[in-house]
Amino acid sequence: MNLKITGLGNNGEGVGRHDNLTVFVEGALPNEEILSEVTQTKKNYAVARLIKILSESADRVKPICPIYAECGGCQLQHLSYSAQINWKRQQVIDAVKHIGKLDGIEILETIGTENPLHYRNKMQFPVNKINGKLVIGCYARGSHKIVDTDSCLIQRAGMDEALTAVKKILDKYNISAYDEDTHRGVLRHVMSRIGFNGELMIVLITATKNLPSEKNIVNAIRHALPKVTSIQQNIQTYHNNVILGRETKILYGKPTIKDKIGKLTFNISARSFFQVNTAQAENLYNVALKFAELTGRETVIDAYCGIGTITLFLAKSARKVYGIEIVPTAIEDAKKNARDNNIRNAEFIAGDAVKIIPRLYREGVRADVVIVDPPRAGCDKKVLEIFAAMSPQKIIYVSCNPATLARDLAILNELDYITEKIQPVDMFPYSSHIESVALIQHK
């Protein structure tokens, strides 16, 4: 059927309508007329395959990656970068309006990046074996079929070399790949991180306690990659799609590598959360700092502090900051980061924010500003109620999911907290994801 594309879906697919049915078409862009073929029908929508573009969008560009059509790592390489950041802002507008049912919120223009390439400081690739050869890469779109690759244009310089070397070494020592169906095999994923000075961390994620040929593999990686300062094994024995397990063993070198945001340095361990786009993370944190309007007299609580990145960024302008995180190793990293940066007004606590914040309140802590940067699922309603019970003047909400952000802003609105403005920041160029910072004031 012929179809007029009028918008983009949450995953970057084209959206049109046919006989009052919404149709999603991967690879199609707004203002295009296309020939398509329906491949799947549901009660309220259909999915179609793009056969031919009859009228092309002015925003369509040639993808820069040779495997873009197969790989599911990026979704928007066929859309110009200026159009990407405009659409990402529209995602936030639509979520606030249709999910949050909120009006009067100022949605600022998206903060883009000068160079949308080579930004990721961390990559994690699934592993498979096909015809006896080890295959490492991203999943193909909408499947668990791995697209083999030796390079990725959104990785930082140095990580392609690491990927190629590790793949050859693991293949040489005939390390088996984990099979999701039979739950047999050793290697599940390969993860790499790179620091600001080129330090490399390689993490081999296995379904088994032991790594065959461990010493030979470690020595080979050290020889092939002179800048590697940490080689670790993470053990993930559960039969699920969670990438990292709870146990990590250091096979060589240090437990952490260092990266920088602004003037601050951070120790990052294998399981720690750290923004993958370091340059844009600085822009994001500057927005949070600007929204907080700290004068040096305030007490700040960071409810999902991770390794203390935002916490320490705000500490220089606050009287006292508290960072709360449920992952104990992240709190240890945060404490070390505070010491390394000579920040003495930060206190980090390991535990669930639902329990820690009421305890702090009972101990007499009164937060002037609460900052929260939750996972994609957003905040539990109970967490938001605890924030409101502390009566902070402001809540700064950092979100990587416009839908859950809008839902939580609506809950906070019912708790007498009004959202004034939202600043989208493009942390993930060429993907359909958008990060946002919301300024929420007590009524």
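Just so you know, these numbers come straight off a predicted model, no measurement behind them.
Between E199 and K254 there is a salt bridge, since at least one side-chain N of the basic residue sits less than 4.0 Å from a carboxylate O of the acidic one. Salt-bridge check for E32 with K4: failed, with every basic side-chain N at 4.0 Å or more from each acidic carboxylate O. A salt bridge links D426 with K88: the distance from a Lys NZ or Arg NE/NH1/NH2 to an Asp or Glu carboxylate oxygen falls below 4.0 Å. The pair K167-D171 does not count as a salt bridge, with every side-chain nitrogen at least 4.0 angstrom from each carboxylate oxygen. Note on K129 versus D179: no salt bridge recorded, every NZ/NE/NH1/NH2 to OD/OE distance being 4.0 Å or above.
A donor-acceptor pair is defined here as one N or O able to donate and one able to accept, closer than 3.5 Å; no such pair exists between the side chain of R120 and the backbone of R156. Under a 3.5 Å cut-off, the side chain of E70 and the backbone N or O of I146 do not form any donor-acceptor pair. Without hydrogens or angle criteria, N401 side chain to R376 main chain gives a donor-acceptor distance under 3.5 Å. No donor-acceptor pair closer than 3.5 Å links the side chain of N342 to the backbone N or O of A338.
Between Y139 and H189, the ring planes are perpendicular. Angles over 60° get that label, and only those under 30° would be called parallel.
With sequence neighbours excluded, the residues satisfying side-chain hydrogen bond (donor to acceptor under 3.5 Å, both in side chains) with H144 are E180.
Because its NZ or CZ atom is both nearer than 6.0 Å to the ring centre of F196 and within 45° of the ring axis, K260 counts as a cation-pi partner of that residue. In this structure, K43 forms no cation-pi arrangement with Y45, as its terminal cationic atom is not both closer than 6.0 Å to the ring centre and no more than 45° off the ring axis.
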